[in-house]
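Because the structure is a prediction, the values reported are computed rather than measured. A, B, ... follow the sequence lines: proteins, then strands. Residue 1 opens every chain.
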Amino acid sequence: MIDLVLKFARLGVFPTSVWTTQFVTMLSWKRKINSAWNLLDELMKLEAPVDAAPCNALLTGLGKEMDIKKMNAVMVKMKEAEIQPDVVTFGILINHLCKHRRLDQALEVLDKMQGEMSIEPDVVIFNTIIDGLSKVGRQEEAFELVEKMKSQHRGCSPNTVTYNCLIDGFCKAGEIDKGINLFHEMQEMELVPNAITVNTLVHGMCMYGRTSNAVRFFYEMRSKGLWGTAVSYTSLIDAFCKVNNIARAIEIFDEMVTDGFPPDSYVYYTLISGLTRAGRMNEALTYFQTLKDSGFSPDVVCYNVLISGLFNTNKADKAREIFEEMEKAGARPDGVTYNTLIAYHAKDGNFIEARKLLKKMVNEGHVPTVVTYGALIHAYCLNQKVNEAMALFKELRGSSKVTPNGVIYNILIDCLCKKQDVQQALALMDDMEVRGAKASANTFNAVFRALREERMVNKAFELMDRMVRQGINPDYMTMDILTEWLSGIGEMEKLRRFVEGCTVSEGDHAAGDGAAAAAS
DNA sequence: GTAGGGTTAG
C-alpha cells in the first residue's frame, strides 16, 4: 500500500492530509515508526500537501518510542517545509517533556509558543503542565498557574481535569486539607467532580494514614450519587492491608463486587500483596487462583510477590512450583525473581544452588545488581562465613561493575559488630564515608552496641559527631542504646547536646555552638 | 496532546 501511495505521489496524485495521517498512525501503531517516517519524508520531498496533522501523528509515535532525537528532527523538518505547528503539536511536545519530569523545558516550550510562535495554549496544554508540576512536587507553581488561567486566559478557564491534577499534586505532597479545599472550590466554580476526583482524594487520604476519613468521604460521595471506581476500592483495600486489617480489606473487596464493580487485575494484585505481607499465603494463593480463573494473566511482579512470600513462610516447594508455572505461563522471570531465589538458597546455606542460579540468571540475560551481591553477602554473614562475605565485598569494591552501597556496608558492619570485631567495623565505617555510601541510623546503632561492650566511649562520641555531621537522625533504637549507656557513666549532658544537633567531642565546644546556630 | 489504584529482591 505504501508503494502504491508513493507511486501515485510521483505522478502528482497525492493523498489528502487525513489519509496521510491515518497511514502514519496505523504504521506507528504497528510499531513500524521508521516506515511512517520514510513515507512522510518521501511525500514531503514530492511536495505533497502535508500539514501539521500527519506530523503530529508521527510525533506521537516517536514519543511512545521515547525517541526525543527524532522528535526534534521532525520539528526541524516542519520548519524547513514551512509547516505551521498547531496547538496539538505543542501539546505532544509538552506532554512528552512533562512525562519525563523535564518541567523547566516544558515551561520554556510554553513560553516559546506564546511568544515567537504566537499560538495560544489551550486548556489541555495548561492541564498537562499543571499535572507535570504536581507530579514533581511543584504543586505550588501548579496552583499559581491555575490562578493565572482563571484571571488571564479567557476561554481557557480551569476544568475538572485541571482540578483533578492539582488535587492530586497536593494530596501526594501530604496536603490533604488543601486537596479537600480545592475540591470545594471546584464546586463553587460550578465544575462537576467526577469519579477520578473521588479516586484521587480517597487515595490521598489512604496514603497518609487517614483511612477512616477516606472511607467516610467515599460513602458520603456515594450517597450523593458521586461514585468512585475500582480505583477507590483498591486504595482502601491497600490501606487496610498496610495496617494489617485484612478482615476489613476483604470486606471492601466483597463490597466492591456487590456494588457492581468487577475486580480487575490491580485489585487482585493489591489483595494478594497484602495477604502475602501478612504471611497468609493460603488465602493469597486462593485469590491468585480466582484471578487466573477470571481470565487474567498474572504479571511478573505478582509472581515475584508470591514466590518471596512462600519462601518467607517456609513453603519452598510451593515457591518452586509457582516459579515453574511462571516460566510455563510465559511470564519471563526477571532480575527480581532470580534475586529472590538466590537469596533464599544462599540464606539456607546452599551456596552451590545460589551460584547455579546466578549463572542461569546471567544466561537469561539479566545483569546481577548490588541487590544480588547483597543477598549473597548477607547469606555468608548469616552462615558464619564472614571471610567469604568480606572476600566478595572486596571483589566488588575492586571492580567497576557494581558499587557497594549503604546496604552492603550495613550488612557487613552489623555482622562484624555482632562478632565484636569492632576494629574492622570501624574501618568499614570510615571506608563507606570516603566512598560516599550512605550510612543510616541502623549502621550507627550496630556500632554503638559493640562500642558499649568494649567501653570505647570516646569513639562513640566521635561517631555521634559524625552522625550529626552527616545529618543522620537518631531513631528510637539509637536513643535506647545511648541513654542506657551514657546515663550509667554520667555523660547525659553529651547526649543532650547530641540530640540538639551539637558536636559532643572534648575541646570542640566552639564548633558545637556553631553547629547549633546552623541547626536553629 | 491532559487526570486516578498494586511493584516484588539484599
Can you figure out which of B:dT8, B:dA9, B:dG10 approaches the side chain of A:Val370 most closely?
B:dG10
Check whether any side-chain N or O of A:Asn405 sits under 3.5 Å from a backbone N or O of A:Ile408 as a donor-acceptor pair, and report yes or no.
yes
With a non-hydrogen cut-off below 4.0 angstrom, is A:Thr270 in contact with a base, only sugar-phosphate, or nothing?
sugar-phosphate
Sub-6.0 Å ring centroid separation between A:Tyr233 and A:Phe253
no
Carboxylate-amine/guanidinium contact A:Arg31 A:Glu65, below 4.0 Å
yes
For A:Val305, report the nucleic acid contact type (base, sugar-phosphate, nothing); a contact means any heavy atom under 4.0 Å.
sugar-phosphate
Proximity to DNA chain B (any heavy atom under 4.0 Å), residues of residues 131-145 of chain A only
A:Asp131, A:Lys135
Identify which nucleotide among B:dG10, B:dT7, B:dG4 has an atom closest to any side-chain atom of A:Lys242, counting heavy atoms from C-beta outward.
B:dT7
Classify the nucleic acid contact of A:Asn410 as base, sugar-phosphate or nothing, counting any heavy atom under 4.0 Å across all strands shown.
nothing
Would you mind reading off the distance between A:Phe261 atom CZ and B:dG4 atom P, rounded to a whole angstrom?
18 Å
Mind checking A:Asp299 for me? I need base, sugar-phosphate or nothing, with any heavy atom below 4.0 Å counting as a touch.
base
Rounding to an integer number of Å, can you tell me how far A:Met207 CE sits from B:dT7 C1'?
15 Å
Could you tabulate the donor-acceptor pairs under 3.5 Å formed by side-chain atoms of residues 344-352 of chain A, not counting sequence neighbours?
{"unit_1": "A:His345", "atom_1": "ND1", "unit_2": "A:Leu341", "atom_2": "O", "d": "3.0"}
{"unit_1": "A:His345", "atom_1": "NE2", "unit_2": "A:Arg320", "atom_2": "NH1", "d": "3.3"}
{"unit_1": "A:Asn350", "atom_1": "OD1", "unit_2": "A:Glu353", "atom_2": "N", "d": "3.1"}

Counting only side-chain heavy atoms from C-beta out, which of B:dT2, B:dT7, B:dG4 sits nearest to A:Ala195?
B:dG4
Taking any heavy-atom pair under 4.0 Å as a contact, classify A:Asn194: base, sugar-phosphate, or nothing.
base
Matching residue for A:Arg248 among A:Ile246, A:Asn244, A:Ile252, A:Ile250 - test: side chain to side chain contact (heavy atoms under 4.5 Å, CB included):
A:Ile252
Which of B:dG1, B:dG4, B:dG10 is nearest the side chain of A:Val231? It is B:dG4
Has A:Thr286 got a side-chain atom pairing as donor or acceptor with A:Asn282's backbone, closer than 3.5 angstrom?
yes
Over all strands shown, is A:Asp86 touching base, sugar-phosphate only, or nothing at heavy-atom distances under 4.0 angstrom?
nothing
Check: A:Thr229 side chain, B:dG4 base, donor-acceptor under 3.5 Å
yes
Are A:Lys385 and A:Tyr380 in a cation-pi contact, defined as NZ or CZ under 6.0 Å from the six-membered ring centre and within 45° of the axis?
no
Once you apply a heavy-atom cut-off of 4.0 Å, does A:Ala379 come out as touching a base, just sugar-phosphate, or nothing?
nothing
Is any side-chain nitrogen or oxygen of A:Asn95 closer than 4.0 Å to OP1 or OP2 of B:dT2?
yes
Take the protein atom CG of A:Leu191 and the nucleotide atom C1' of B:dA3, then report the distance between them rounded to whole Å.
14 Å
Compute the centroid of each ring, for A:Tyr268 and then for A:Phe288, and state whether the two points are separated by less than 6.0 Å.
no
A:Lys172 side chain: which of B:dG10, B:dT8, B:dG5 is closest?
B:dG5
Sugar-phosphate, base or nothing in reach of A:Ile408, heavy atoms under 4.0 Å
base
Tell me what A:Ile377 touches on the nucleic acid: a base, only sugar-phosphate, or nothing, going by heavy atoms under 4.0 Å.
nothing
Under 4.0 Å between any heavy atoms, over every strand shown, what does A:Asn159 touch: base, sugar-phosphate, or nothing? Just pick one.
nothing
Side-chain donor/acceptor of A:Arg216 to backbone N/O of A:Thr211, under 3.5 Å
no
A:Val198 near the nucleic acid: base, sugar-phosphate alone, or nothing, with a heavy-atom cut-off under 4.0 Å?
nothing
Side chain of A:Ala375: nearest nucleotide among B:dG4, B:dG1, B:dG10?
B:dG10
Respond yes when some side-chain nitrogen or oxygen of A:Lys347 is under 4.0 Å from OP1 or OP2 of B:dA9, and no when none is.
no
Looking for any heavy atom pair under 4.0 Å, which part of the strands does A:Val267 touch: base, sugar-phosphate only, or nothing?
base
